[in-house]
Amino acid sequence: MNTLPDGVTRETWQGIDVLRVETPFSVARISLHGGQLLSFTPNGFDDLLWVSPTTSLPPKAIRGGVPVCWPYFGKQGQPDGAVQHGHARISRWPLTEVKREADGTAVLKLALPLRDGVPLELQMSLHIGRELRQSIDTLHRGDAPYRLTQALHTYFRVADAMQVRVTGLDGLRYDDKYDGGTHVQSGDWSLHDPHDSGRSDRIYIGTGHRFDLLDPAGGRRIRLDTFGSRSLVVWNPGEAGAAAIGDMPDDGWRTFVCLEAANASDDAIELEPGQRHRLSQVISVAAL
């Protein structure tokens, strides 16, 4: 798409070529590399999303925003040499449509080109207004069943991760990547959890669809509503883990928490030929 409507412009942001989308309610930035939403700033609030100030630049994966992990999460069901989280986040997504709703909300649609060996089409829609609505639609074009795992790997910006709590997880079973075990959540999630204090890499199974990230140091509550998903990934590498990540500052872990609407672990999607699956999330914010 060569011609952009009013309120949608091209710019360079943190060294990345992006589309800047301005609405009466918010400003967002999207990279066509990875089809990756990088910034969403509702009026009256700081950016809800975090991008590493030392992120790798395209053609490598961008660290932050909302990476699209697809057609698999991590390397679930894949050989050791597979690209981490799939090819969607390192591919260029053509912009196929931009329009405005009556209230000024911007709607953008992107599509990931078909790839040899993957019989799936992927389309994404973004509604940018008072809240953010994001959906990815997978359509199976092949002739045999396909097992799909995926995630919207959202990096939420916070003032101090050590003070953050996440509601909606009490009593749920989770797989812990660090110890390989399965445990049950007691109370809200926080980095003070005695099971593994100071870090988190968990897939919660059989979840509901509403989670609140409470950021008292930032004075706000970020609400995440998910659809087409029964699992939620909660990730923060902690101090030691961040030091081992090349495109993250050592103290960067204190300024984000990842909540990822996912189909992963036991929540894989079995697609039959011709079937479609939609994974979506709605992000909103309010003052505490």
Side-chain angles (χ1 to χ4, degrees), residues 1-5 7-22 27-40 47 49-75 78 81-99 106-128 132-142 146 148-155 246-248 258 260-263 276-281:
M1 179 175 290
N2 295 321
T3 303
L4 298 175
V8 182
T9 56
R10 293 182 171 89
E11 68 175 17
T12 300
W13 182 78
Q14 291 196 204
I16 304 165
D17 293 335
V18 300
L19 297 177
R20 183 183 188 274
V21 182
E22 186 170 356
V27 174
R29 292 175 175 87
I30 300 129
S31 168
L32 297 184
H33 175 73
Q36 195 158 330
L37 180 71
L38 299 180
S39 172
F40 176 62
D47 203 333
L49 303 179
W50 179 90
V51 173
S52 171
T54 58
T55 181
S56 298
L57 298 177
K60 296 182 178 179
I62 300 168
R63 170 80 59 189
V66 189
V68 178
C69 303
W70 185 95
Y72 52 84
F73 176 76
K75 294 187 180 181
Q78 305 300 312
V83 174
Q84 179 76 0
H85 290 316
H87 67 275
R89 67 184 189 135
I90 54 172
S91 299
R92 184 169 180 83
W93 295 54
L95 179 67
T96 60
E97 184 179 355
V98 183
K99 63 181 181 180
V107 181
L108 285 76
K109 295 186 178 182
L110 301 87
L112 183 68
L114 282 169
R115 184 183 180 94
D116 289 346
V118 181
L120 305 176
E121 288 184 4
L122 184 62
Q123 298 178 338
M124 177 164 61
S125 63
L126 292 163
H127 289 68
I128 299 161
L132 171 75
R133 289 185 282 149
Q134 180 178 20
S135 299
I136 55 173
D137 286 86
T138 301
L139 175 61
H140 186 5
R141 290 292 194 186
Y146 195 100
L148 171 73
T149 59
Q150 58 183 341
L152 295 170
H153 191 319
T154 307
Y155 287 74
D247 59 354
M248 182 184 296
C258 285
E260 308 172 35
N263 298 111
R276 182 185 297 270
H277 180 268
R278 171 173 289 182
L279 173 65
S280 60
Q281 63 180 7

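By convention here, the first residue in the shown sequence is residue 1. Heavy atoms only: backbone and side chains are in, while hydrogens, waters and symmetry mates are out.
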#### Entry: Nearest atoms (heavy-atom pairs only) where E22 meets R20
OE1-NH1, 3.0 Å

### Query
Between L148 and H140, does a side chain to side chain contact (heavy atoms under 4.5 Å, CB included) hold up when you go through it step by step?
CA-CA 10 Å; L148 171 73; H140 186 5; over 6 Å; no

### Message
Rounded at 0.5 Å granularity, tell me how far CD1 in I128 sits from CG in L19.
### Response
9.0 Å

## Note on the structure
Residue set satisfying side chain to side chain contact (heavy atoms under 4.5 Å, CB included) with S56, at least two apart, ordered chain then number -> K60, D247

#### Entry: Derivation and outcome, side chain to side chain contact (heavy atoms under 4.5 Å, CB included), residues T9 and L4
CA-CA 7 Å; T9 56; L4 298 175; 5.8 Å; no

### Query
If only atom types and distance count, is the side chain of R115 paired as donor or acceptor with the main-chain N or O of A88 below 3.5 Å?
no

### Query
Is a donor on one side and an acceptor on the other found under 3.5 Å between the side chain of T96 and the backbone of K109?
yes

### Task
For the pair L132 and L37, evaluate side chain to side chain contact (heavy atoms under 4.5 Å, CB included) and give the outcome as yes or no after the intermediate values.
CA-CA 10 Å; L132 171 75; L37 180 71; 3.2 Å; yes

For residues 11-18, which side-chain donor-acceptor pairs fall under 3.5 Å, sequence neighbours excluded?
{"residue": "E11", "atom": "OE2", "partner": "R29", "partner atom": "NE", "Å": "2.6"}
{"residue": "T12", "atom": "OG1", "partner": "D17", "partner atom": "OD1", "Å": "3.3"}

### Task
Would you name the heavy atoms of P94 and A111 that are closest together and state the gap between them?
CD-O, 2.9 Å

### Query
Hey, is NZ on K75 packed in by over 12 heavy atoms from elsewhere, all under 6.0 Å?
yes

### Query
L139: what forms a side chain to side chain contact (heavy atoms under 4.5 Å, CB included) with it, not counting sequence neighbours?
E121, R141, R276

### Summary
Distance col, row T154:OG1 vs F40:CZ, nearest 0.5 angstrom, shows 12.0 Å

### Message
Does Q150 form a side chain to side chain contact (heavy atoms under 4.5 Å, CB included) with H277? I'd like the steps, not just the answer.
### Response
CA-CA 11 Å; Q150 58 183 341; H277 180 268; 3.2 Å; yes

### Query
Which heavy atom of G64 sits nearest a heavy atom of Y155, and at what distance?
CA-CD1, 3.5 Å

### Message
Once side chain to side chain contact (heavy atoms under 4.5 Å, CB included) is applied, do any residues pair with S135, and if so which ones, sequence neighbours excluded?
### Response
S125, D137, R278, S280

### Query
When you measure from the side chain of N263 to the backbone N and O of T149, does any donor-acceptor pair fall under 3.5 Å?
no

### Task
Write down the atom of A262, the atom of A151, and the distance for their closest heavy-atom approach.
CB-CB, 3.8 Å

### Message
On a heavy-atom basis, which atom in S31 and which in I62 lie closest, and how many Å separate them?
### Response
OG-CD1, 3.7 Å

### Task
Output yes when a side-chain donor or acceptor of W93 lies under 3.5 Å from a complementary backbone atom of L112, and no otherwise.
no

### Message
Given 3.5 Å as the limit, does a donor-acceptor pair link the side chain of H85 with the main chain of G74, or not?
### Response
yes

### Message
Using 0.5 Å steps for rounding, measure from the CD1 atom of I136 to the CG atom of L152.
### Response
4.5 Å

### Query
Residues two or more places apart in sequence or in another chain: which of them pass ring-ring contact (aromatic ring centres under 6.0 Å, His included) with W70?
H87

### Message
Quick check on side-chain contact (heavy atoms from CB on, under 4.5 Å): which of L95, L38, L108 does I30 satisfy it with?
### Response
L108

### Summary
Y72 meets the ring-ring contact (aromatic ring centres under 6.0 Å, His included) criterion, sequence neighbours left out, with none

#### Entry: Contact summary for Q134 and M124, nearest pair of heavy atoms
NE2-SD, 3.2 Å

